[in-house]
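What you see is a predicted model; the values in this text were computed from it and never measured. Just so we're on the same page: letters track the sequence lines, and every chain starts at 1.
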Amino acid sequence: MMGFWYIVRMNTELPQSFFQRPVLEVAPDLLGKYLVRTHDGAEKAYLITDVEAYDGETDLACHASKGRTPRTEVMYGEAGYWYVYLIYGLHNIVNIVTGDTDYPAAVMVRGVGAIDGPGRVTKALGINRDLNTLPAKKETGLWIEDRGYMLTKDAVVTSPRIGVDYAGEWAQKPWRFQLVD
DNA sequence: ACGATGATGAAC
DNA sequence: TTCATCATCGTA
């Protein structure tokens with residue numbers, strides 16, 4: 001009787017511990033993971049291709065550079081929660097909170113699959129501020145999965161973050177992480 | 001190049 | 001209560 005090898009690929013929801021690390025570690029690690037959304041009856045998964053890290057009160061590009069405010073409070077909370085805000089009165093932007101409680105940091109999702117642009121991502125996935133402060137768990141309808149894919153080291157490129165020219169030297173830090181085309 | 005469009009935080 | 005600003009996008 002012949003034996004057979006099986007390879008089983010698991011789709012595992014990222015645990016909170018994944019996010020409880022410095023944002024500059026979490027951000028590149030999110031590339032190659034999947035943003036999964038249940039929206040009007042269907043479940044869809046999108047490869048995360050483009051993210052940016054926002055790191056603490058000293059980072060002048062980070063909303064928490066103004067300290068604790070009603071809006072930034074969620075960034076001071078536990079890792080693994082969504083921070084969704086409206087920009088320019090028009091576009092929702094989605095971030096995942098990272099790191100220790102009381103240390104405000106988050107990763108913005110700038111692109112998934114062929115969808116390029118943080119406002120386009122939220123529009124395509126039906127994400128708005130109803131998700132703000134909710135956890136990245138299947139029960140909220142928006143979570144992140146490891147689907148078993150590995151990246152080679154040269155798959156990731158870094159560059160300065162977009163749209164934060166007001167942040168002086170912080171604007172130049174290479175805290176945008178993308179999968180190469 | 002520019003207008004849309006409303007929340008946010010700070011000043012008064 | 002007013003004001004400037006804003007982690008953007010579509011159209012021109």
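One interatomic measurement links the two molecules: CG of A:Asn92 to C1' of C:dC6, which rounds to 14 Å at whole-angstrom precision. When rounded to the nearest whole Å, the span between CZ of A:Arg110 and P of C:dC9 equals 7 Å. Rounding to whole angstrom units, CG of residue A:Asp130 and P of B:dA7 are separated by 13 Å. Whole-Å rounding puts the A:His91 NE2 to B:dT8 P distance at 16 Å. The CD1 atom of A:Ile93 sits 16 Å away from the P atom of B:dG6 (whole-angstrom rounding). Between A:Ile87 atom CD1 and B:dA7 atom C1' the separation is 9 Å, expressed in whole Å. For A:Glu57 and B:dG9, the CD to P distance is 13 Å, given to the nearest whole Å. Rounded to an integer number of Å, the gap from CZ of A:Arg68 to C1' of B:dT8 is 18 Å.
Position along DNA chain B of the nearest nucleotide to A:Gly89 versus A:Thr72 favours A:Gly89 as the more 5'-ward residue.
Distances shown here put every side-chain N or O of A:Tyr83 at or beyond 4.0 Å from the OP1 or OP2 atom of C:dA7. Contact between the side-chain N/O atoms of A:Arg176 and the OP1/OP2 oxygens of C:dA7 is not found at any separation under 4.0 Å. Of the side-chain N and O atoms in A:His63, one or more sit less than 4.0 angstrom from OP1 or OP2 of C:dA7.
You'll find that the side chain of A:Pro70 is closest to B:dG9, out of B:dG9, C:dA7, B:dT5. Comparing C:dT8, B:dG9, B:dA7 against the side chain of A:Lys66 picks out B:dG9 as the nearest. Considering only side-chain atoms of A:Arg71, the nucleotide from C:dC9, B:dG9, C:dA7 that sits closest is B:dG9. Out of C:dA7, B:dG9, C:dT8, the shortest distance to the side chain of A:Thr69 is found at B:dG9. Among the nucleotides C:dT8, B:dT5, C:dC6, the one closest to any side-chain atom of A:Tyr166 is C:dC6. For A:Arg120, taking side-chain heavy atoms from C-beta onward, the closest of the listed nucleotides B:dA7, C:dC9, C:dC6 is C:dC9.
At a threshold of 4.5 Å between side-chain heavy atoms, the hydrophobic network of Ile, Leu, Val, Met, Phe, Trp and Tyr places A:Leu151 and A:Leu24 in one connected group.
A cation-pi arrangement is absent between A:Arg37 and A:Tyr46 under the rule of less than 6.0 angstrom and at most 45 degrees off the ring axis.
With centres under 5.5 Å and a plane angle under 30°, the ring of A:Tyr54 is stacked against the base of C:dA7.
Aromatic pair A:Tyr85/A:Tyr83: ring centres closer than 6.0 Å.
None of A:Thr158, A:Asp55, A:Val107 except one satisfies the side chain to side chain contact (heavy atoms under 4.5 Å, CB included) rule with A:Trp175; the exception is A:Asp55. Under the salt bridge (Lys or Arg N to Asp or Glu O under 4.0 Å) rule, A:Asp50 has a single partner from A:Arg176, A:Arg120, A:Arg161, which is A:Arg176.
Of the N and O atoms on the side chains of A:Gln172 and A:Trp170, not one donor lies less than 3.5 Å from an acceptor on the other residue.
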Under a 3.5 Å cutoff on both atom distances, Watson-Crick or G-U, what's the dot-bracket for DNA chain C ([ ] crossing, | other strand)? ||||||.||||.
Please step through salt bridge (charged side-chain N to carboxylate O under 4.0 Å, His left out) for the pair A:Glu73 and A:Arg68, ending with a clear verdict. CA-CA 6 Å; A:Glu73 188 64 28; A:Arg68 271 184 201 263; 2.8 Å; yes
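Without hydrogens or angle criteria, A:Arg21 side chain to A:Gly99 main chain gives no donor-acceptor distance under 3.5 Å.
Note on A:Arg129: only backbone sugar-phosphate atoms sit closer than 4.0 angstrom, heavy atoms only; bases stay farther off.
Donor-acceptor pairing under 3.5 Å, judged by distance alone, is absent between the side chain of A:Tyr88 and the base of B:dA4.
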